[in-house]
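Just follow the structure's listing: the first ligand is 1, and inside any ligand the first atom is 1. Sequence positions, counted from 1, serve as the residue numbers for this chain.
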Amino acid sequence: MVLKGCIFDLDGVIVDTAKYHFLAWQRLADEMGFDFTEDHNEALKGVSRMASLEILLRVGGIVKDDEEKIELATRKNNWYVEYISRMTPDEILPGSIDLLTRLRSEGILTAIGSASRNAGMILDRIGLRLMFDAIVDGNKIHSAKPDPEVFLKGAEELGVAPENCVVFEDAQAGIEAAIAGGMKCIGVGSPLNLGRANLVVPDLKHITLNQIKNL
Ligand code: BG6
Ligand code: MG
C-alpha cells in the first residue's frame, strides 16, 4: 500500500488508561452491590461511555431510567477524570514515542481516532498532543465504533484517502470500524480478540515501518 497516514486509537494503544476506566466502573458496580471483573471489562474496551454503562448494568442485572443512567455515567466519569488528572508521561505505552517519531520523520501523517471525550486531557497530561496532525475524539463524532466515523474523520482531517491509512487498535470494535472504513488495521494486543486485523502485535515496540508499508 502507499502509506500516507496512521490513525491511532488512544486508550490501550498509546497509553494505558484501560486500568483507570476499569477502576472507575468497578467502583460504580461496587456501590450498586455487584462484582465487576477484568473479564467483564474486556467488553467495554473501545465502547462509548453510555454503551459501556449499558453493558455494566446488564452484568449487574440492574434496570435504570435515562435520568439515572446519566447520573451514573457522570459519577463514573468524575472518578475517571480524578484518576487521569494524575497521569504522567511514564504511562505512555512502550514503543509509542519511537514509532510516532519515525513515522513523522518519514513524512507520514499521524492522527488520534478515539471514542473518548477525555482524549484531549490525556494527551496534555502525557505531553503528546504535538505528535499528532489531527485529533478526532468522542466530542467530534456522532456514531461510536464499530461505526467507521471516527477513523474516516481522522483521514479527512489529515487530507488522506482511507486506502492510504493504517489504523492501530486494541479493541474489537475498533478493528471492525477500520475495516468498515476501508482501512488496513494493526491490532495491538492478543490475536485471540483481534483476529480480524491485518496484523496483530503485542505492543507498538514490535512493529517496523516496513511491516506497516507491506500490509
Ligand atoms: C475508549 C475506551 O477509548 O473511550 C472506552 O476504550 C471508553 O473504554 C471510551 O468507554 C469513552 O471514554 P470516555 O473517556 O469518553 O468516557
Ligand atoms: Mg482502545
Side-chain angles (χ1 to χ4, degrees), residues 6-29 36-59 69-87 91-96 111-126 128 132 135-151 153-154 166-179 183 185-190 193-194 196-197 200-204:
C6 286
I7 308 180
F8 294 83
D9 173 49
L10 178 65
D11 296 314
V13 171
I14 299 290
V15 76
D16 184 16
T17 38
K19 63 183 180 219
Y20 298 125
H21 279 296
F22 175 56
L23 279 178
W25 286 125
Q26 202 180 34
R27 191 163 163 185
L28 194 65
F36 186 73
T37 66
E38 294 222 35
D39 271 355
H40 292 135
N41 193 56
E42 272 305 303
L44 272 55
K45 288 188 179 167
V47 174
S48 74
R49 193 180 307 165
M50 291 313 283
S52 297
L53 176 67
E54 297 288 349
I55 297 171
L56 183 100
L57 291 174
R58 259 202 311 278
V59 169
K69 283 180 189 169
I70 289 170
E71 190 278 318
L72 288 169
T74 306
R75 208 187 314 165
K76 179 268 174 179
N77 189 56
N78 290 341
W79 289 325
Y80 178 68
V81 168
E82 196 183 303
Y83 301 145
I84 59 173
S85 66
R86 290 194 287 264
M87 283 180 81
E91 289 167 84
I92 297 171
L93 287 167
S96 308
I112 285 288
S114 168
S116 174
R117 290 174 182 266
N118 294 301
M121 178 182 183
I122 294 167
L123 287 170
D124 287 338
R125 288 297 311 165
I126 60 174
L128 284 192
F132 298 97
I135 296 170
V136 180
D137 66 12
N139 299 299
K140 284 192 177 173
I141 54 163
H142 300 104
S143 309
K145 300 168 190 176
D147 189 284
E149 185 186 3
V150 67
F151 295 138
K153 195 156 178 36
V166 170
V167 166
F168 293 77
E169 252 297 344
D170 72 317
Q172 232 164 45
I175 302 286
E176 296 305 328
I179 294 170
M183 301 179 190
C185 59
I186 297 180
V188 182
S190 159
N193 309 322
L194 308 174
R196 297 247 297 146
V200 181
V201 291
D203 57 43
L204 296 182

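- The distance from ligand 1 to the heavy atoms of Arg117 drops below 4.0 Å at these ligand atoms: 13 (P), 14 (O), 15 (O).
- A salt bridge is absent between Lys45 and Asp11; no separation between the charged side-chain nitrogens and carboxylate oxygens falls under 4.0 Å.
- Using modelled atom types, one finds a donor on one side chain and an acceptor on the other under 3.5 Å when comparing Asn77 with Asn118.
- To the nearest 10 degrees, the angle centred on the Mg ion (ligand 2) between O in Asp11 and OD1 in Asp170 reads 100°.
- Side-chain contact, Glu91 with Tyr20: a donor N or O sits under 3.5 Å from an acceptor N or O.
- Between Leu204 and Leu93, the closest side-chain pair of non-hydrogen atoms is not below 4.5 Å.
- The protein atom (non-hydrogen) at minimum distance from atom 8 (O) of ligand 1 is Leu44 O, 3.3 Å.
- Backbone and side-chain nitrogen or oxygen atoms of Ser116 are examined, and one is located within less than 3.5 angstrom of a nitrogen or oxygen of ligand 1.
- Under the 4.0 angstrom criterion for non-hydrogen atoms, Ser52 is in contact with ligand 1.
- Those atoms of ligand 1 with a heavy atom of Asn118 less than 4.0 angstrom away are 13 (P), 14 (O).
- Side-chain contact of Arg27 with Tyr83: a donor-acceptor pair under 3.5 Å is present, judged by distance alone.
- Given atom 16 (O) of ligand 1, the protein heavy atom at minimum distance is Arg49 NE, 2.8 Å.
- Using a 4.0 Å cutoff on heavy atoms, Gly46 counts as a contact of ligand 1.
- Nearest N, O or S atom of Asp9 to the Mg ion (ligand 2): atom OD2.
- Within the 4.0 Å heavy-atom shell around ligand 1 one does not find Leu10.
- In the displayed structure, Arg75 atom CZ is contacted under 6.0 Å by more than 12 heavy atoms of other residues, nucleotides or ligands.
- Ion pairing of Lys76 with Glu71 is absent here, as no side-chain N (NZ or NE/NH1/NH2) approaches a carboxylate O to less than 4.0 Å.
- When Asn41, Asp11, Val47 are ranked by how near their heavy atoms come to atom 5 (C) of ligand 1, first place goes to Val47.
- Listed by atom number, the atoms of ligand 1 under 4.0 Å from Tyr80 heavy atoms are 14 (O).
- A tilted orientation is assigned to the rings of Phe22 and Phe36, their planes being inclined by 30° to 60°.
- The distance from the Mg ion (ligand 2) to the nearest N/O/S atom of Glu169 is not under 2.8 Å.
- Any N or O atom pair closer than 3.5 Å counts here, and Lys45 shares no such pair with ligand 1.
- Taking the charged nitrogens against the carboxylate oxygens, Glu176 and Arg196 do have a contact shorter than 4.0 Å, which makes a salt bridge.
- Checked against a 3.5 angstrom limit, the closest N/O atoms of Asp9 and ligand 1 fall outside it.
- Dense packing is recorded around CD of Gln26, with more than 12 heavy atoms of other residues, nucleotides or ligands lying under 6.0 Å away.
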